[in-house]
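What you see is a predicted model, and the numbers here were worked out from it, not measured in a lab. Values reported hereafter were calculated over all heavy atoms of this structure, with side chains retained and with hydrogens, waters and symmetry mates removed.
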Amino acid sequence: MIDYKKHLNTSQYEAVKFDKGPLLVIAGAGSGKTRTLTYRVARLVDEGVPPKSILLLTFTRKASHEMLQRASNLLDDRCENVSGGTFHSFANTMLRRYAGYLGYNSSFTIIDRADMENLIATLKKEMRLGEKDRSFPKKNTMASLFSRSINKVKPLEDIIYDDYPHFTTHMDALGQLYAAYDTHKNRHNLMDYDDLLVNFHRLLKEFPDIRQEIASTFKFVMVDEYQDTNQIQADIIYLLSGEHGNIMVVGDDSQSIYAFRGAEIRNILSFPDCFPGTTVIRLEENYRSVQPILHLTNQIIDQAAYKYTKTLFSRKKGGSCPCLMRTSDENSQSRFIVDKIRDLSLQGVRLNRIAVLFRAGFHSFDLEIELGREGIPFVKVGGFKFMDSAHIKDVLAHLKVIHNPDDSISWYRILLLLEKVGPKGAAQMFNDLQKKGGGYQGLAQVKLRPALAGSVERLKSLFSVLTPETMTIAALGERIVDYYLPILKNRFDDHPRRERDLEQLLSIMERYGDLEAFLTDMAIEPPSASIEGTFSTGESIDESRLTLSTIHSAKGLEWHTVFIIWTLDGRFPAMRSLHKEDEIEEELRLMYVAATRAEENLFFVCPGQAYDRATGLILNRPSRFLEHIPEDALDIRYTF
């Protein structure tokens, strides 16, 4: 028997022991929400609820895996049979089973962002839209437009008017392209990342019998980070649990900072209205920060116009008052941080226990130069992305056409790798393949110009030895990489580094026994960085390196000492948000998230003044979020 009262505080215990009905857990920063979810899973299974009737939805696969692993350690292996995963992975699982109802084949291909952009570019060219017009949006911008329209549940026209008004002259053309993009996906059995949610939502809404079947399977639904859900995800939750009402969502409205991705704070604020009779439990004991930091962060979030009121407190002793340091200029800001880091190092604080956080990536440029001059090693969150790299996508394209022979995007990618094959030649060869019945088996029957015979023969030879029925995923990958290496060396000057990336890809393949599962994971939750790439959230880092990070990337992490730079009005909050109530509220929550990353020391730093080129204004006012903080909560100092 698990002694729940021994391991949980009063509020956590109340949430864990909650029986049936809707439950909203407002979990303040560092208040043990993961522990609460983990113990509730264990408690349900412990009291006889069949594990497969429990659904745990999270925003990363790692989070659900860790929670279920911890629950198994608490109880037993039965917890491993709980259905856990991300919204997208769960939607994918259901769509593989029911795709036929929506006109798809169950072997549909999931296309990633880069594939999406390339398909949009191809269709734009075929439709002869924006020819020789430099004002026409680029493929990545169009992909963002289309995705934002879906995630914000707004017509494309509204997204253009609100976020990209300079593209209103291209409204009709973009609408045509959007329609053509959807038609092409449907015709070729393709879904992009957003389609997984959209189509799963359609399935639940348009087919009541299927919704009833799925809902009756999962009698207890739990959702982590509910403040980050978009409207489609909230609707999915309502459709899944609206009848039995056994829904527990955990989140913190004060940490809702992803509106640009479509996250809708109203989902958590209006949850009790959607589920009448909701019990609300607040987790307010913080296990991360010392009380002086929490005293300040409570003052910051109290300024929010819309919120669930809560007061974080800590039993950790000691801690100094957070400090706002005003320096003479940007370089003085950087010098202050460098000097303070050296002092902390002499006190025994390791570099990887220190972070510098900022509102936008360019805010750290001057600091990066100073760190380099002083020989202080650092890593910056972001940078080179593993799955965005051409060589990884080239190899995966060969595997994708084995799984889905109608995957036009992957075929074009493969054919364009061949010598003397351009876009027109690739299109012609793909059309010939389709006439021969499609798939790589039809490659042997395609008639070729003599100039192409050599390179196409190599491709034919490759596919002739690829037997997915008998070969492991890693074996398939090794054959493809062997075929691809000469192409790699011919196309990239830095091929030695890229070869190491391919070695990493092969090692990942060794973990899989199913091609569909491998390709799904690569599309939904790919590795975040190459071997030579920079640190990103979730990776382990060397003890000897300082962390520089945007605040959005720092959410969920913690450090002994945190510096928040450029806390100057017009920089943080950002200039563009100053006259929009919703955006200024999110900027406030962003400041709160940054401040709650600190365990022992918290510094806000800003130049005394700075020139804003976009507006021609001199910025010289500390962030409005700090301006009226009482003296007992924030120590203001000057270095000029």
Side-chain angles (χ1 to χ4, degrees), residues 14-26 36-37 40-59 64 67-68 71 78-79 81-102 153 195-251 263-281:
E14 186 183 353
V16 167
K17 295 298 285 185
F18 185 85
D19 191 20
K20 293 184 178 180
L23 173 63
L24 169 61
V25 178
I26 301 298
T36 304
L37 280 165
R40 188 162 193 261
V41 168
R43 199 273 297 173
L44 289 172
V45 175
D46 194 18
E47 295 184 2
V49 175
K52 289 190 180 296
S53 70
I54 302 171
L55 175 63
L56 173 63
L57 293 174
T58 62
F59 274 81
S64 65
M67 286 184 204
L68 297 183
R78 285 178 294 167
C79 295
N81 293 320
V82 168
S83 300
T86 65
F87 277 89
H88 292 84
S89 64
F90 178 64
N92 172 67
T93 299
M94 294 297 103
L95 289 171
R96 295 290 177 189
R97 189 179 304 169
Y98 299 107
Y101 288 87
L102 300 176
V153 196
D195 290 329
L196 293 173
L197 295 183
V198 170
N199 287 328
F200 184 42
H201 180 258
R202 276 185 57 208
L203 185 72
L204 294 174
K205 196 164 186 178
E206 296 176 12
F207 299 92
D209 292 345
I210 295 175
R211 180 177 72 241
Q212 179 62 36
E213 182 179 328
I214 297 173
S216 63
T217 301
F218 304 105
K219 295 191 169 126
F220 287 87
V221 179
M222 287 180 275
V223 185
D224 189 20
E225 303 284 13
Y226 195 68
Q227 78 281 350
D228 292 337
T229 55
N230 61 28
Q231 190 56 57
I232 298 172
Q233 290 165 326
D235 288 348
I236 287 171
I237 292 303
Y238 182 80
L239 291 167
L240 279 176
S241 52
E243 292 186 26
H244 57 65
N246 296 325
I247 171 67
M248 172 188 184
V249 301
V250 181
E264 179 53 76
I265 191 173
R266 281 175 291 189
N267 291 343
I268 193 167
L269 293 176
S270 65
F271 184 84
D273 299 325
C274 296
F275 292 90
T278 292
T279 297
V280 180
I281 297 173

How many angstroms lie between atom [atom1] of [X] and atom [atom2] of [Y], to the nearest 0.5 angstrom?
X: Leu57; Y: Phe87; atom1: CG; atom2: CZ; value: 5.0 Å
X: Leu240; Y: Lys219; atom1: CG; atom2: NZ; value: 14.0 Å
X: Leu37; Y: Arg40; atom1: CG; atom2: CZ; value: 9.0 Å
X: Ile214; Y: Ile236; atom1: CD1; atom2: CD1; value: 10.0 Å
X: Asp235; Y: Asn230; atom1: CG; atom2: CG; value: 9.0 Å
X: Glu264; Y: Thr229; atom1: CD; atom2: OG1; value: 8.5 Å

Within a radius of less than 6.0 Å around CZ of Arg266, do more than 12 heavy atoms belonging to other residues, nucleotides or ligands occur? no
Does the Asn92 side chain pair with the main chain of His88, one donor and one acceptor, at a distance under 3.5 Å? no
Closer than 3.5 angstrom, by distance alone: can the side chain of Thr86 be matched with the main-chain N or O of Ser89 as a donor-acceptor pair? yes
Any side-chain heavy atom of [X] within less than 4.5 Å of one from [Y]?
X: Pro208; Y: Arg211; value: yes
X: Leu23; Y: Ile281; value: yes
X: Met248; Y: Val223; value: no
X: Val250; Y: Met222; value: no
X: His244; Y: Phe218; value: no
X: Leu24; Y: Pro272; value: yes
X: Asn267; Y: Tyr226; value: yes
X: Asn246; Y: Val221; value: no

When the ring centroid of Phe90 is compared with that of Phe200, is the distance short of 6.0 Å? yes
Would a line drawn from the ring center of Tyr238 to the ring center of Phe275 be shorter than 6.0 Å? yes
side-chain contact (heavy atoms from CB on, under 4.5 Å) between Leu203 and Ile210, intermediate numbers included: CA-CA 7 Å; Leu203 185 72; Ile210 295 175; 3.9 Å; yes
What's the verdict on side-chain contact (heavy atoms from CB on, under 4.5 Å) for Met67 and Leu56, showing C-alpha distance, side-chain angles and the deciding distance? CA-CA 9 Å; Met67 286 184 204; Leu56 173 63; 3.9 Å; yes
How close do [X] and [Y] get, heavy atom to heavy atom, and via which atoms?
X: Leu68; Y: Cys79; answer: CD2-O, 4.0 Å
X: Pro22; Y: Pro276; answer: CG-O, 3.9 Å
X: Ala91; Y: Leu196; answer: CB-O, 3.5 Å

Please work out which of the three classes, parallel, tilted or perpendicular, describes the rings of Phe207 and Tyr101, given edges at 30° and 60°. perpendicular
Show the atom names and distances, to 0.1 Å, of all donor-acceptor pairs under 3.5 Å that link a side chain in residues 43-54 to residues at least two apart or in another chain.
| from | atom 1 | to | atom 2 | distance (Å) |
| --- | --- | --- | --- | --- |
| Arg43 | NE | Val16 | O | 3.0 |
| Arg43 | NH1 | Glu47 | OE1 | 2.9 |
| Arg43 | NH2 | Val16 | O | 3.3 |
| Arg43 | NH2 | Phe18 | O | 2.5 |
| Glu47 | OE2 | Lys17 | NZ | 3.3 |
| Ser53 | OG | Pro50 | O | 2.7 |

Can you list the steps and then say if Glu225 with Gln227 is a side-chain hydrogen bond (donor to acceptor under 3.5 Å, both in side chains)? CA-CA 5 Å; Glu225 303 284 13; Gln227 78 281 350; 2.6 Å; yes
Given the rule in the side-chain contact (heavy atoms from CB on, under 4.5 Å) test, do Ile247 and Phe220 qualify, once you have shown the distances and angles that lead to the verdict? CA-CA 6 Å; Ile247 171 67; Phe220 287 87; over 6 Å; no
